[in-house]
Amino acid sequence: MARSSLLKQGSAGLAGLAAGRTRYLRAMAAAGRLAALYARHYRDPDAVHARGADMLARMCRQNGATWVKAAQFFSCRPDVLPADYILAFQTLQNDAQPVPFHRIEHALKKAWGADWRDQLRHIDSEPVAVASIAQVHRATLADGRQVAIKVRLPGVKRLFEQDEKVFEAMASLLAPLVREFDLRQAVQQLLQMTATELDMRNEASNMQRFARLQHHPRIRVPELVKSLSGERVLVTGWEEGERLRPYLDAHPEQAQELLTLLLTSYLQQVTRFGVYQADPHPGNFLVNRDGQVVILDYGAIGILSPDEVRRYSRLLYGLMGFEGDVDIGELFVQAGFKGGSPDTLRELALYVLTDRLNQQGPMAAMANLMDRFRESRISIPDSYIGISRVLITLGGFLMTYQVPFDWTPPERRPARP
């Protein structure tokens, strides 16, 4: 690389650190307090996990944007963090504050031009959904169509570019202190995922790809309004319906049917399509008047190679007992797990599954197994982490509503008359 290019990159990095110095200093202060907390309780670190987790969650909430996104990201990494941190970070999943509408108007002007209002008959000033990097407004297009307009928050890309340098610096600083997993790799994965979600064109492409799959008739994907979607804005048809959790709370008798439909769909996505919606947050599911489950938000999807589909399918169904007489340890090795011998992986898997499977169900057993792998410093493939995060989240729905589930692979079930 030319010297001028290196100097330019270095200057950009220093500029990013300088611009984000307040958040950086706040983060370093929190890291110092965290280190002191664990130093005082080095004999029993488990006793202070809850306090440490609350400390970091408050710091991320104060820093906002990318930091909230980071907390949400790590809240789905049971292979990396203790349960207290997972629980504390999960509180930030619904913690975003709406941006004033005049700033949203400015973003729409940038996306559609000075005459942006000509595209619309009406737009609600109050958002229907708010996240760390975007918010959604209901609107009526000039042709009368009801739509949802997802707008990237003004300034959030600039903040990300600043925080990107801060995150990389902190990962380099803290990596030697965190030996249970590769902190630099995890941070790079977070930054890459966030950069992808900041460009709404990626979500538009994900949605189109997902919609082309042969889903169950009761799984619905919103329709993309491609002509109005771009880097800053995503426009889709408006979907009437009630959020999944409030709907199930009001109609508990439908929990088994709807959750079975949803989890069967995700098993199909992972083990047959190799493409799955990777953010099964409860707020991303609606139940409409036709009894369909509408899946929202395609900023993050998981894409598996044909070989990964085959290996992960064998592993998942081997764990559930549908692969016959197989060597579970060898299936883990074939799936890319590293840091332990097949014997070690087999012993851990069989111990956890034998102990937990009948007591808590398959998803709780899987979560416990991930914890054991983390404690044993076994490296878990990123793509499997995404799959397990999705299935563990959905398994939580089943446990909440006490729904039994038939884990028979969808393709092996008898056809309905």
Side-chain angles (χ1 to χ4, degrees), residues 76 90 93-94 128-129 148 207 210-223 236-298 300-302 312-313 316-317 319-322 356-367 386-417:
C76 300
Q90 283 176 347
Q93 290 182 346
N94 296 303
V128 295
M207 181 179 291
F210 194 82
R212 287 194 293 267
L213 302 172
Q214 295 298 310
H215 296 285
H216 189 284
R218 290 181 61 190
I219 295 294
R220 181 171 173 82
V221 182
E223 182 180 356
T236 66
W238 178 258
E239 295 289 339
E240 293 286 356
E242 189 173 355
R243 301 286 179 182
L244 179 64
R245 196 182 295 279
Y247 184 89
L248 293 180
D249 289 342
H251 304 89
E253 74 282 357
Q254 295 190 36
Q256 180 163 352
E257 182 180 3
L258 287 173
L259 293 179
T260 296
L261 168 68
L262 188 59
L263 191 47
T264 298
S265 172
Y266 270 84
L267 286 175
Q268 183 184 49
Q269 293 169 39
V270 169
T271 64
R272 294 185 63 187
F273 299 153
V275 177
Y276 61 95
Q277 194 267 11
D279 187 13
H281 184 276
N284 287 338
F285 303 118
L286 300 178
V287 181
N288 67 19
R289 64 181 61 187
D290 297 322
Q292 293 175 306
V293 175
V294 184
I295 301 180
L296 308 173
D297 197 339
Y298 297 87
I301 65 170
Y312 290 151
S313 296
L316 287 172
Y317 291 137
L319 290 170
M320 303 305 171
F322 292 107
R356 302 283 183 176
L357 191 59
N358 293 326
Q359 297 179 32
Q360 297 179 312
M363 294 301 96
M366 182 183 291
I387 293 170
S388 63
R389 174 170 63 89
V390 165
L391 295 181
I392 289 168
T393 300
L394 295 173
F397 293 167
L398 299 181
M399 291 184 64
T400 298
Y401 295 97
Q402 298 181 336
V403 171
F405 182 72
D406 179 5
W407 291 95
T408 304
E411 64 272 16
R412 302 185 192 180
R413 297 178 188 178
R416 292 185 177 182

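Nothing fancy with the numbering, it's 1 onward along the sequence.
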Open item on the list: Can you confirm whether the side chains of Asp279 and Tyr298 place a donor and an acceptor under 3.5 Å from each other?
Closed with: no
Open item on the list: Tell me whether the count of non-hydrogen atoms from other residues, nucleotides or ligands lying under 6.0 Å of CD in Glu253 goes above 12.
Closed with: yes
Task: Close side-chain approach of Leu258 and Phe285, heavy atoms under 4.5 Å - done: no
Open item on the list: Quick one, Gln254 and Tyr401 - any side-chain contact, counting heavy atoms below 4.5 Å?
Closed with: no
- [ ] Compare every heavy atom of Phe397 with every heavy atom of Pro280, then report the nearest pair and how far apart it is.
- [x] O-CZ, 4.0 Å
Task: Non-hydrogen atoms of Pro222 and Gly237 that approach each other most closely - done: CB-O, 4.3 Å
TODO: Kindly compute the distance separating CG (Leu244) from CG (Asn284), expressed to the nearest 0.5 Å.
DONE: 10.5 Å
Task: Contact summary for Trp238 and Ala148, nearest pair of heavy atoms - done: CE3-CB, 3.8 Å
- [ ] Take the angle between the ring planes of His215 and Phe210 and call it parallel below 30°, perpendicular above 60°, tilted in between.
- [x] tilted
Open item on the list: Would Val270 and Leu316 count as a side chain to side chain contact (heavy atoms under 4.5 Å, CB included) here? Give the steps.
Closed with: CA-CA 10 Å; Val270 169; Leu316 287 172; 4.2 Å; yes
Open item on the list: Please report the interatomic distance CZ(Arg272) to CG(Leu213), rounded to the nearest 0.5 Å.
Closed with: 11.0 Å
What side-chain donor-acceptor pairs closer than 3.5 Å can you find for residues 289-297, not counting sequence neighbours?
unit_1, atom_1, unit_2, atom_2, d
Gln292, OE1, Asn288, ND2, 2.9
Gln292, NE2, Pro217, O, 3.1
Asp297, OD1, Gly299, N, 3.1

Task: Check: Gln268/Thr264 side-chain N/O donor and acceptor closer than 3.5 Å - done: no
TODO: Can you measure from OH (Tyr247) to CD (Glu242) and round to the nearest 0.5 angstrom?
DONE: 7.5 Å
Open item on the list: One pair to check against side chain to side chain contact (heavy atoms under 4.5 Å, CB included): Glu223 and Thr236. What are the steps and the verdict?
Closed with: CA-CA 5 Å; Glu223 182 180 356; Thr236 66; over 6 Å; no
TODO: Report the C-alpha separation of Arg218 and His216 in whole Å, then their side-chain angles, then the decisive distance to 0.1 Å, and conclude whether the side chain to side chain contact (heavy atoms under 4.5 Å, CB included) test is met.
DONE: CA-CA 5 Å; Arg218 290 181 61 190; His216 189 284; 3.5 Å; yes
Task: Gln277-Tyr266 side chain donor-acceptor pair, cut-off 3.5 Å - done: yes
Task: From CA spacing to verdict: side chain to side chain contact (heavy atoms under 4.5 Å, CB included), Leu248, Leu259 - done: CA-CA 9 Å; Leu248 293 180; Leu259 293 179; 3.9 Å; yes
